A.B. asks: 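Following this message is one structure expressed as structure tokens.
What you see is a predicted model; the values in this text were computed from it and never measured. Counting starts at 1 for both ligands and their atoms, in listed order. Heavy atoms only: backbone and side chains are in, while hydrogens, waters and symmetry mates are out.
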Amino acid sequence: MAQINPSILSADFARLAEEAEAVRGADWLHVDVMDNHFVPNLTLGVPIVESLARATSTPLDCHLMIEQPDRWAPQYVEAGAGSVTFHVEAAAAPVRLAREIRAKGARASMALKPATPIEPYEDLLPELDMLLIMTVEPGFGGQSFLDIMLPKIRRTRQLIDKHGLDLWLQVDGGVAPATIEACAEAGADVFVAGSAVYGAADPAEAVRALRAQAETATAAAGWGCRH
Ligand code: DX5
Ligand code: ZN
């Protein structure tokens, strides 16, 4: 079952509760936390996540593009996030951090920038509930999808199947009607979309249309048949 997570990075930050409501029916709300150090952009932090968690019944998928996630990630669980993603490039102790996120009651997820390979992390996969493969360089919405990431998505899906893991595979960056089918065919099952959802005339309808596209492509792909 394909999940669509609209990214509020492309929403109106002055009207976050309404923007969450505008994508009612989305599986999760993707919240991009940027610290101006790990990426050259600054967005929001714990207090806004806390308020947003109270304002919407859609669970929050917090994507931390920050330095020192070992120190800060647990606070996002306490703030009400249902899933917390840290970048492996920034984490000092990813196994310990994933265990701490899970112990605090959220889904633990790890993200890879485009130049970070999956292979060194094969043995860590059982510690995770989701793996995020970035399909743009993190930092900004509205960038073009990097189709050179498709082989990494495919190889990750093979590793998940090889180990029989219940691990979600998320893609983030440039996911839109023109690119979502290739991602699904390669093995992704959770799709973040910012500009493709909030730039649409009807965001809720954009979520439904993206999900339908992803599900059709998954059903047609070999890996989808086994799930
Ligand atoms: C980029 C963020 C994304 C961003 C995606 O660094 O992690 O979540 O909002 O935006 P689009 O879908 O417009 O590429
Ligand atoms: Zn993101």
A.B. asks: Among all the protein's non-hydrogen atoms, which is closest to atom 14 (O) of ligand 1, and how far away is it?
C.D. replies: Gly174 N, 2.8 Å
A.B. asks: Hydrophobic clusters here meaning ILVMFWY residues chained together by side-chain heavy-atom distances under 4.5 Å, can you tell me if Ile66 and Leu132 are in one?
C.D. replies: no
A.B. asks: Indicate if Leu124 and Ile153 have the same hydrophobic cluster label, given that clusters are the connected sets of ILVMFWY residues with side-chain heavy-atom separations under 4.5 angstrom.
C.D. replies: yes
A.B. asks: How far is atom 6 (O) of ligand 1 from its nearest protein heavy atom, and which residue and atom name does that atom have?
C.D. replies: Gly139 N, 2.7 Å
A.B. asks: Given Leu9 and Met34, is the side-chain contact (heavy atoms from CB on, under 4.5 Å) satisfied, shown in steps?
C.D. replies: CA-CA 10 Å; Leu9 187 61; Met34 305 186 189; 3.6 Å; yes
A.B. asks: Nearest protein heavy atom to atom 5 (C) of ligand 1, by residue and atom, and its distance?
C.D. replies: Asp172 OD1, 3.5 Å
A.B. asks: Below 4.5 Å, heavy atoms only, C-beta onward: do Asp61 and Val31 meet side chain to side chain?
C.D. replies: no
A.B. asks: Treating Ile, Leu, Val, Met, Phe, Trp and Tyr as nodes and any side-chain heavy-atom pair under 4.5 angstrom as an edge, say whether Val190 and Trp28 lie in one connected cluster.
C.D. replies: yes
A.B. asks: I need the atoms of ligand 1 closer than 4.0 Å to a non-hydrogen atom of Gly173, numbered in the order shown.
C.D. replies: 14 (O)
A.B. asks: Any idea which of Ser195, Gly194, Ala196 brings a heavy atom closest to atom 13 (O) of ligand 1?
C.D. replies: Ser195
A.B. asks: Looking only at protein heavy atoms, which one is nearest to atom 9 (O) of ligand 1, and how far off is it?
C.D. replies: Ser7 OG, 2.7 Å
A.B. asks: Under a 4.0 Å heavy-atom limit, does Ala193 contact ligand 1 with its side chain, its backbone, both, or neither?
C.D. replies: backbone
A.B. asks: Which of the atoms of ligand 1 are close to His30, meaning less than 4.0 Å from one of its heavy atoms?
C.D. replies: 8 (O)
A.B. asks: For the residue pair Asp32 and His30, establish whether any side-chain heavy-atom pair is separated by less than 4.5 Å.
C.D. replies: yes
A.B. asks: With heavy-atom distances below 4.0 Å as the criterion, list the atoms of ligand 1 near His63.
C.D. replies: 7 (O)
A.B. asks: Evaluating non-hydrogen atoms only, which member of Asp32, Ile8, Leu132 is closest to atom 2 (C) of ligand 1?
C.D. replies: Asp32
A.B. asks: Do Phe191 and Leu210 have side chains that approach each other closer than 4.5 Å (heavy atoms only, starting at C-beta)?
C.D. replies: no
A.B. asks: Which of the protein's N, O or S atoms come within less than 2.8 Å of the Zn ion (ligand 2), not counting waters?
C.D. replies: His30 NE2, Asp32 OD1, His63 ND1, Asp172 OD2
A.B. asks: Do Met110 and Glu127 have side chains that approach each other closer than 4.5 Å (heavy atoms only, starting at C-beta)?
C.D. replies: no
A.B. asks: Considering the heavy atoms of Met65, write down every atom of ligand 1 situated less than 4.0 Å from one of them.
C.D. replies: 6 (O), 7 (O)
A.B. asks: For atom 10 (O) of ligand 1, what's the nearest protein heavy atom and its distance?
C.D. replies: Gly141 CA, 3.5 Å
A.B. asks: If hydrophobic clusters are built from ILVMFWY residues whose side chains come within less than 4.5 Å, do Val49 and Met130 share one?
C.D. replies: no
A.B. asks: Show me which atoms of ligand 1 lie under 4.0 Å from any heavy atom of Pro138.
C.D. replies: 6 (O)
A.B. asks: Find out if a path of hydrophobic residues (ILVMFWY) with successive side-chain heavy-atom gaps under 4.5 Å connects Trp168 to Met134.
C.D. replies: no
A.B. asks: Please list the nearest protein heavy atom to atom 1 (C) of ligand 1 with its residue and the distance rounded to 0.1 Å.
C.D. replies: Phe140 O, 3.5 Å
A.B. asks: Compare all side-chain heavy atoms of Asn5 with those of Asp27 and state whether any distance is below 4.5 angstrom.
C.D. replies: yes
A.B. asks: With atoms numbered from 1 as shown, which atoms in ligand 1 lie under 4.0 angstrom from a non-hydrogen atom of Val192?
C.D. replies: 8 (O)
A.B. asks: Enumerate the residue pairs fulfilling side chain to side chain donor-acceptor pair (under 3.5 Å) with a member in residues 101-111, sequence neighbours excluded, ordered by first and then second residue.
C.D. replies: Glu78-Lys104, Thr85-Ser109, Arg102-Asp129
A.B. asks: Going by ring pair (Phe, Tyr, Trp, His ring centres under 6.0 Å), name the pairs with one or both residues in residues 77-102, residues two or more places apart or in two chains.
C.D. replies: Phe38-His87, His63-His87
A.B. asks: Suppose the criterion is side chain to side chain donor-acceptor pair (under 3.5 Å): which pairs have a residue in residues 200-209, not counting sequence neighbours?
C.D. replies: Glu205-Arg208
A.B. asks: Below 4.0 angstrom from a heavy atom of Gly142, which ligand 1 atoms are there? Numbered from 1 as shown, please.
C.D. replies: 10 (O), 11 (P), 13 (O), 14 (O)
